[in-house]
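Taking it in order: structure first as structure tokens, then the write-up.
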Amino acid sequence: MRNELIRGAFTGETEGTVSEEYRALIDECAEKKDLPDAQLLRLLDISEEADEAYLYAKAREVRERSYGKEVYLRGLIEFTNYCRNDCLYCGIRCSNAKADRYRLTGEEIAACADQGYDLGFRTAVLQGGEDMHFSDEEICSIVREIRAMHPDMAVTLSIGERSRQSYEKYFAAGAERYLLRHETADPVHYARLHPAHQTWETKKRCLQDLKDIGYQVGTGMMVGTPYQTRDCYLADFRFLQEIDPQMIGIGPFIPHSDTPFAGEAAGSVTETLHLISILRLFFPNALIPATTALGTKDPFGREKGVLAGANVVMPNLSPRGVRKKYLLYDGKICTGDEAAECRFCMERRIESVGYRVVVSRGDYRSSDSENQEQ
């Protein structure tokens, strides 16, 4: 499998040579971690396979400078698919009457984390819709229980937009990381993907609150959503520079059949991989996952994500009985697997492309503490 996967653009075994203009742009971006707007937009327009190969190779070089060949596991626990929001692209949006709703109990969530620890996970990601059934006190109790069972296990929350006071409570309880994808930083585009009561200003405020409190913050965007333009990507990059997150997650848009975007085209895997590499050049120390959406769109999508510069994978620790109910988009993979299946399958896949899964919290490494976990 490895020989088939890494041929061509991922090895540089391509016909033709890298254009001098493109090589200069990539080298300048890797050195300065920035480009003017016009040059950044040019960097997004890759037309030659040799240029693409050079981009991927440079991204791997940059990520290996900070993280070597290590790839970090995050154990995903999708604990509720109830959501108060009505995002036009999402399968668990509140107006989707066809969604088969569920909630895990605190005991079930802790049991998933415990199982994950035994399988070598040192990060549990508690992800759900914006389900206000879970009070701040309940969330804090679950976080405390996991940390009490396994003090060396990081807890990441991904439960949406909350008040600053709520975020402070979770942090005090022991949650050190928070994922809140912004999806698009263009306010006009944001308004076309969400109902009027969900605003870009609220999303931005939440991310700034999380940074101010001291979380390791993750955000990111979808690739290929309806109405998205190159200028939208430019807005995303400038916002990411402004917020300076520790984690950046991007994946291709995949439509869900029970949403207003059911008939829209899916995002491009290739464009997603290009953006992963460019983000790696801009943010050399970021933790960037090769997402499940990549693996859903392409059988080797997650491996290709790692070869494009990603250094995180997120196997599923959710109970097998609920996995098919947490469908943000159609066709999601690994919904029938057991937790151990997901974990060891992922390890083999990562090894097949020359990297290695490590048993580690996989904390962000800042420039002044490179190669030392925080």
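Since the model is a prediction, treat every value here as computed from it, not as a measurement. Position 1 is the first residue of the sequence, and the numbers go up from there.
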side-chain contact (heavy atoms from CB on, under 4.5 Å) evaluation trace for Q127 with I77: CA-CA 6 Å; Q127 179 172 291; I77 304 171; over 6 Å; no

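- A donor-acceptor contact shorter than 3.5 Å is absent between the side chain of E138 and the backbone of G106.
- V359 and Y67 are not part of a single hydrophobic cluster, where members link through side-chain heavy atoms under 4.5 Å apart.
- Using modelled atom types, one finds no donor on one side chain facing an acceptor on the other under 3.5 Å when comparing D186 with T184.
- Side chains of Y355 and E351: no donor on one and acceptor on the other come within 3.5 Å.
- Under the 4.5 Å side-chain heavy-atom criterion for ILVMFWY residues, no single connected hydrophobic cluster contains both I254 and L327.
- Here K58 does not pair with E64 in a salt bridge; the nearest charged N to carboxylate O distance is not below 4.0 Å.
- The minimum heavy-atom distance linking A185 with F239 is given by the pair CB-CB, 3.6 Å.
- Between the side chain of Q228 and the main chain of T225, a donor-acceptor pair closer than 3.5 Å is present.
- Annotation: cation-pi pair K33/F282 absent, no NZ/CZ under 6.0 Å from the ring centroid and within 45° of its normal.
- When all heavy atoms of A196 and T199 are compared, the closest pair comes out as O-CG2, 3.6 Å.
- Comment: R343 engages E347 in a salt bridge, judged by a side-chain N to carboxylate O separation of less than 4.0 angstrom.
- Not a single donor-acceptor pair under 3.5 Å links the side chain of R65 to the backbone N or O of G68.
- In this structure Q115 satisfies the side-chain contact (heavy atoms from CB on, under 4.5 Å) test together with L119, A339, sequence neighbours excluded.
- For the pair V312 and R74, the minimum side-chain heavy-atom distance is below 4.5 Å.
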Evaluation steps, side-chain contact (heavy atoms from CB on, under 4.5 Å), between M346 and E303: CA-CA 9 Å; M346 186 63 66; E303 293 95 321; over 6 Å; no

Verdict with supporting geometry, E21 and R42, salt bridge (charged side-chain N to carboxylate O under 4.0 Å, His left out): CA-CA 10 Å; E21 178 200 10; R42 169 65 186 92; 3.3 Å; yes

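- Note: Y167 and Y170 have perpendicular aromatic rings, judged against thresholds of 30 and 60 degrees for the angle between ring planes.
- For C94, the side-chain contact (heavy atoms from CB on, under 4.5 Å) criterion is met by D86, not counting sequence neighbours.
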From CA spacing to verdict: salt bridge (charged side-chain N to carboxylate O under 4.0 Å, His left out), E271, R230: CA-CA 11 Å; E271 190 165 45; R230 283 289 192 268; 2.6 Å; yes

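- At a threshold of 4.5 Å between side-chain heavy atoms, the hydrophobic network of Ile, Leu, Val, Met, Phe, Trp and Tyr places Y102 and Y82 in two separate groups.
- Side chains of L307 and R60 form a contact here, defined as non-hydrogen atoms less than 4.5 Å apart.
- In this structure the side chain of H256 reaches within 4.5 angstrom of the side chain of T259, judged on heavy atoms.
- With 3.5 Å as the limit, one finds a donor-acceptor pair spanning the side chains of E52 and H274.
- Between M149 and Y117 the shortest side-chain heavy-atom distance does not fall below 4.5 Å.
- Taking all atoms of both residues into account, the shortest heavy-atom contact from Y22 to I46 is OH-CG1, 2.7 Å.
- Using modelled atom types and a 3.5 Å distance limit, the side chains of D236 and H182 yield a donor-acceptor pair.
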Pair M247-L179, side-chain contact (heavy atoms from CB on, under 4.5 Å): steps then yes or no: CA-CA 8 Å; M247 301 168 280; L179 304 181; 3.7 Å; yes

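- Within the 3.5 Å criterion, the main-chain N or O of V217 finds a donor-acceptor partner in the side chain of Q246.
- Using a 4.5 Å heavy-atom threshold, the side chains of F300 and R349 count as touching.
- Within the cation-pi definition used here (under 6.0 Å to the ring centroid, within 45° of the axis), R361 does not qualify as a partner of Y72.
- Using a 4.5 Å cut-off between side-chain heavy atoms of Ile, Leu, Val, Met, Phe, Trp and Tyr, with links allowed through other members, M132 and L126 fall into different hydrophobic clusters.
- When all heavy atoms of M314 and V125 are compared, the closest pair comes out as CE-CG2, 3.9 Å.
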Output side-chain donor-acceptor pairs under 3.5 Å for residues 287-296, partner residues at least two apart or in another chain, one line each.
residue : atom : partner : partner atom : Å
T291    : OG1  : L294    : N            : 3.3
T296    : OG1  : T292    : O            : 2.9
T296    : OG1  : I333    : N            : 3.4

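- Surrounding CD of E108 are more than 12 heavy atoms belonging to other residues, nucleotides or ligands, all under 6.0 Å away.
- R320 meets the side chain to side chain donor-acceptor pair (under 3.5 Å) test with E338; sequence neighbours excluded.
- A donor-acceptor contact shorter than 3.5 Å links the side chain of S277 to the backbone of A308.
- Shown here for C206 and L180, the closest heavy-atom pair between the two residues is CB-CD2, 3.6 Å.
- Linking ILVMFWY side-chain heavy atoms closer than 4.5 Å, directly or via other members, places L44 and M221 in a single hydrophobic cluster.
- No side-chain donor from either of Q208 and R205 sits under 3.5 Å from a side-chain acceptor of the other.
- Looking at V306 and N311, their side chains never come closer than 4.5 Å, going by heavy atoms from C-beta outward.
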CA sep, side-chain torsions, deciding dist, call: V313, L73, side-chain contact (heavy atoms from CB on, under 4.5 Å): CA-CA 5 Å; V313 288; L73 292 173; 3.7 Å; yes

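- Using a distance-only test at 3.5 Å, with no hydrogens or angles considered, no donor-acceptor pair links the side chain of D51 to the main chain of V18.
- Considering only residues two or more places apart in sequence or on other chains, Y54 meets the ring-ring contact (aromatic ring centres under 6.0 Å, His included) condition with none of them.
- Using a 4.0 Å cut-off between charged nitrogen and carboxylate oxygen, R93 and D258 do not count as a salt-bridge pair.
- Taking Ile, Leu, Val, Met, Phe, Trp and Tyr as members and joining any whose side-chain heavy atoms lie under 4.5 Å apart, directly or through other members, the hydrophobic cluster of L88 also contains Y89, L193, M222, Y227, F253, F261.
- Looking at N285 and R63, their side chains never bring a donor and an acceptor atom within 3.5 Å of each other.
- Taking the six-membered ring for Trp and the full ring otherwise, F79 and F134 have centroids separated by under 6.0 Å.
- In this structure, the side chains of K297 and P252 come closer than 4.5 Å at one or more pairs of heavy atoms.
- With 3.5 Å as the limit, one finds a donor-acceptor pair spanning the side chains of R177 and T123.
- One finds no salt bridge joining E130 and R162 here, because no Lys/Arg side-chain nitrogen approaches an Asp/Glu carboxylate oxygen to under 4.0 Å.
- In this structure, K304 contributes its side chain and D298 its backbone to no donor-acceptor pair below 3.5 Å.
- A distance-only check finds a donor-acceptor pair linking the side chain of R280 to the backbone of G309 [under 3.5 Å].
- Contact between P187 and W200 at its shortest, heavy atoms only, is CG-CD1, 3.7 Å.
- Remark: the backbone N or O of D337 is paired with a side-chain donor or acceptor of R323 at under 3.5 angstrom.
- Proximity of a side-chain donor or acceptor of R84 to a complementary backbone N or O of D131 within less than 3.5 Å is not detected.
- By the 4.5 Å heavy-atom criterion applied to side chains, T80 and H133 are not counted as neighbours.
- The closest side-chain donor-acceptor pair between Q241 and D34 falls under 3.5 angstrom.
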